[in-house]
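Before any comments, here is the structure.
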Amino acid sequence: MKTYILLIIALITFPVVIQANTPLDSTIVSSKKFTIVLDAGHGGNDPGKKVGSVNEKDIALKVVKKIGALLNKNPDIKVVYTRTTDKFLELHERASIANKAKADLFVSVHCNAAANKSAKGNETWVLGLHRSDDNLEVVQRENSVILLEDNYEEKYAGFDPNDPSSFAASLLTQEDFLDNSIEMAANVQTKFEEALKRKNRGVKQAGFAVLRLSYMPSVLIETGFITNTEERNFLNSNAGQDKVAQSIFKAILNYQKNRDINNFEVEPVDIEEGNGSQIIAPKESVEKASIVYMVQIAASSNEVAAKSYNFKKLPEISREKSGGIYRYYTGKLSNLEAAVELKKRANNAGYDGAFIVVVENGVTRRL
């Protein structure tokens with residue numbers, strides 16, 4: 001019924017239509033919540049960095065709970081925690097939780113430390129190879145928890161926690177996530193700089209095991225140095241944790257808002273033949289005298305930037321609006337054979353309901 005209402009609205013708004021001779025396999029979609037896994041670093045018999053009575057594991061957990069409380073107010077977001085209590089989790093378990101949840105984003109929260117007590121500021125890490133001795137020191141410290149695990153040599157085969165470059169080859173398996181991870185990390189650093197007014201140490205890359213094992217865009221956030229007296233007092237305070245959580249929360253929302261289209265599941269809608277069903281021509285069309293083939297990959301009431309990175313790196317994304325529905329296409333091709341190949345590529349990327357449309361003399365119809 002909802003589909004017919006949308007079609008009626010579209011017909012009223014955009015009178016240029018063509019008759020459909022075949023049933024419409026619609027890509028109008030239903031909402032799937034954007035899933036975020038929040039990971040509080042360390043826990044249990046692994047306190048992380050400890051200075052006096054202040055433990056990294058405690059600050060990380062409090063910040064993560066505050067982020068989750070903020071995110072849970074958004075009905076379009078689902079929050080999954082790796083831990084909500086003071087318990088020890090192996091790194092592969094944290095990643096497994098994210099993978100099983102089919103998360104759209106993995107966020108691991110930590111505190112930094114340094115022998116130099118004046119070191120300060122925030123930094124956010126994504127998966128990569130360390131570029132300096134300072135980077136190596138950080139990643140070795142975070143990976144050292146592996147040594148607390150039983151049979152870690154078997155669980156992390158081929159990976160040396162003291163030499164993150166040992167898994168360089170496996171970076172290729174996560175290449176598709178890197179751009180998005182970097183974008184999320186940049187969001188975090190921007191929000192920290194705006195709200196916390198502390199030194200921005202930038203976005204960095206290194207071989208963190210927990211990021212290596214998480215198969216989705218992933219970041220590891222160092223919220224500040226607990227070896228720095230000022231930052232330790234800030235991070236250990238309720239007000240400071242609130243500000244850190246708010247910054248990360250806003251960064252997540254910024255990241256999520258341009259990715260709504262990837263959080264819809266295709267629901268084919270069949271319309272009986274011979275009932276006068278119609279396909280609406282897009283408001284704007286390509287050159288009227290030409291024939292152009294495109295592949296429709298999705299349709300939604302959500303407006304999303306027509307960028308390749310929002311549509312699993314499919315090429316030449318375009319968007320048209322009919323009534324209250326945005327239709328999203330990939331490609332503008334001059335021959336049908338190329339369109340067929342592009343449709344296969346879209347199917348392989350997860351757009352099972354994708355289909356070819358042809359634009360001819362200013363009119364769009366399903367092929």
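It should be emphasised that the depicted structure is a prediction, and the values quoted were computed from it without experimental measurement. Position 1 is the first residue of the sequence; numbering continues from there.
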ask   = Less than 4.5 Å apart, any side-chain heavy atom of E90 and any of F88?
value = yes

inquiry  = Treating D104 as the side-chain partner and F34 as the backbone partner, does any N or O pair qualify as donor plus acceptor under 3.5 Å?
reply    = no

ask   = Below 4.5 Å, heavy atoms only, C-beta onward: do R94 and S108 meet side chain to side chain?
value = no

ask   = Do you reckon V63 sits in the same ILVMFWY cluster as V188, going by side-chain contacts under 4.5 Å, direct or chained?
value = yes

query = Any side-chain heavy-atom pair from F106 and Y215 closer than 4.5 angstrom?
reply = no

CA sep, side-chain torsions, deciding dist, call: I77, I36, side-chain contact (heavy atoms from CB on, under 4.5 Å) = CA-CA 7 Å; I77 290 177; I36 299 170; 4.0 Å; yes

task = Apply side-chain contact (heavy atoms from CB on, under 4.5 Å) to the pair I297 and Y329, showing each step before the final yes or no.
result = CA-CA 6 Å; I297 50 179; Y329 304 92; 6.0 Å; no

query = Does any N or O in the side chain of Y328 come within less than 3.5 Å of the main-chain N or O of V304, such that one atom is a donor and the other an acceptor?
reply = yes

request  = Please confirm whether R366 makes a cation-pi placement over F355, using NZ or CZ under 6.0 Å from the six-membered ring centre and within 45° of the ring normal.
outcome  = yes

Pairwise distance CG(L342) to NZ(K332) - rounded to 0.5 angstrom = 13.0 Å

ask   = salt bridge (charged side-chain N to carboxylate O under 4.0 Å, His left out): which pairs involve residues 337-347, sequence neighbours left out?
value = E341-K344

task = Could you pull out the closest heavy-atom pair between T82 and A40, with the gap in Å?
result = OG1-N, 3.7 Å

key: K204 with E123: basic N within carboxylate O range, under 4.0 Å   = yes

key: Y351 six-ring centre to K312 NZ/CZ under 6.0 Å and within 45° of normal   = yes

request  = Look at the side chain of N72 and the backbone N and O of G68, then say whether any donor-acceptor pair between them is shorter than 3.5 Å.
outcome  = yes

remark   = All heavy atoms of E222 vs all of N112, minimum pair found to be OE1-N, 3.1 Å

ask   = So, is the end of the R198 side chain (NZ or CZ) under 6.0 Å from the ring centre of F234 and within 45° of the ring's axis?
value = yes

message = Quick check for you: to the nearest 0.5 Å, what is the distance between F311 atom CZ and I317 atom CD1?
response = 6.0 Å

inquiry  = I'd like to know if the side chain of N228 pairs up with that of K120 as donor and acceptor (distance under 3.5 Å, no hydrogens or angles considered).
reply    = no

request  = Could you check if a side-chain atom of R319 sits within less than 4.5 angstrom of a side-chain atom of K321, using non-hydrogen atoms only?
outcome  = no

Heavy-atom pair with the smallest gap, counting every atom of A114 and T227 = N-OG1, 3.1 Å

task = Evaluate the side-chain proximity of I221 to W125: yes if any heavy-atom separation is below 4.5 Å, no if none is.
result = no

inquiry  = Tell me whether the count of non-hydrogen atoms from other residues, nucleotides or ligands lying under 6.0 Å of NZ in K307 goes above 12.
reply    = no

ask   = Do V244 and Q246 have side chains that get closer than 4.5 Å, going by heavy atoms?
value = no

request  = Return yes if some donor-acceptor pair links the side-chain N/O of E231 with the main-chain N/O of G121 below 3.5 Å, else return no.
outcome  = yes

key: Spacing of OG belonging to S247 relative to CG belonging to L196, to within rounding of 0.5 Å   = 4.0 Å

task = Kindly compute the distance separating CD1 (I67) from OH (Y81), expressed to the nearest 0.5 Å.
result = 9.0 Å

query = Do side-chain atoms of N310 reach the backbone of A305 as a donor and acceptor pair under 3.5 angstrom?
reply = yes

task = Determine which pairs satisfy salt bridge (charged side-chain N to carboxylate O under 4.0 Å, His left out) with at least one residue from residues 234-256, sequence neighbours left out, and list them in order.
result = K66-D242

key: Side-chain heavy-atom pair Y255, L105 within 4.5 angstrom cut-off   = yes

ask   = Under 3.5 Å, side chain of N122 to main-chain N/O of T223, donor-acceptor pair present?
value = yes

query = So does K33 pair up with D76, basic N to acidic O under 4.0 Å?
reply = no

key: Whether N55 side chain and K57 backbone form a donor-acceptor pair below 3.5 Å   = no

message = Checking side-chain polar atoms at under 3.5 Å, does H42 have a donor or acceptor matched by the opposite partner on E56?
response = yes

task = Nearest 0.5 Å please: distance from the NZ atom of K49 over to the CD1 atom of I226.
result = 7.5 Å

inquiry  = Test of understanding: with side-chain contact (heavy atoms from CB on, under 4.5 Å), list the residues that count as partners of S181, not counting sequence neighbours.
reply    = V126, F177, P217

request  = Specify the closest pair of heavy atoms between I59 and C111, including all atoms of both residues, with the distance to one decimal.
outcome  = CG2-SG, 3.6 Å

key: Derivation of the side-chain contact (heavy atoms from CB on, under 4.5 Å) call for K65 and T84   = CA-CA 7 Å; K65 285 184 173 181; T84 56; 4.3 Å; yes

query = Sub-3.5 Å donor-acceptor pair from the side chain of T190 to the main-chain atoms of A186, do we have one?
reply = yes

Donor-acceptor contact present, side-chain K197 to main-chain E194, <3.5 Å = yes

Main-chain N/O of L235 paired to Q241 side chain as donor or acceptor, under 3.5 Å = yes

request  = Kindly indicate whether the side chain of I248, heavy atoms from C-beta on, has any atom under 4.5 Å from the side chain of I252.
outcome  = yes

query = Which heavy atom of S308 sits nearest a heavy atom of L314, and at what distance?
reply = OG-O, 2.8 Å

inquiry  = Looking at every heavy atom in both V295 and A339, which two are closest together, and how far apart are they?
reply    = CG2-O, 3.8 Å

ask   = How many angstroms lie between atom CG of N187 and atom OG1 of T124, to the nearest 0.5 angstrom?
value = 10.0 Å

inquiry  = Could you walk me through whether Q256 and N254 satisfy the side-chain contact (heavy atoms from CB on, under 4.5 Å) test, starting with their C-alpha distance in whole Å, then the side-chain angles of each, then the deciding distance to 0.1 Å, before giving a yes or no?
reply    = CA-CA 6 Å; Q256 180 248 358; N254 274 0; over 6 Å; no

message = Please determine whether residues L61 and F249 belong to a single hydrophobic cluster, defined as Ile, Leu, Val, Met, Phe, Trp and Tyr linked transitively by side-chain heavy-atom distances below 4.5 Å.
response = no

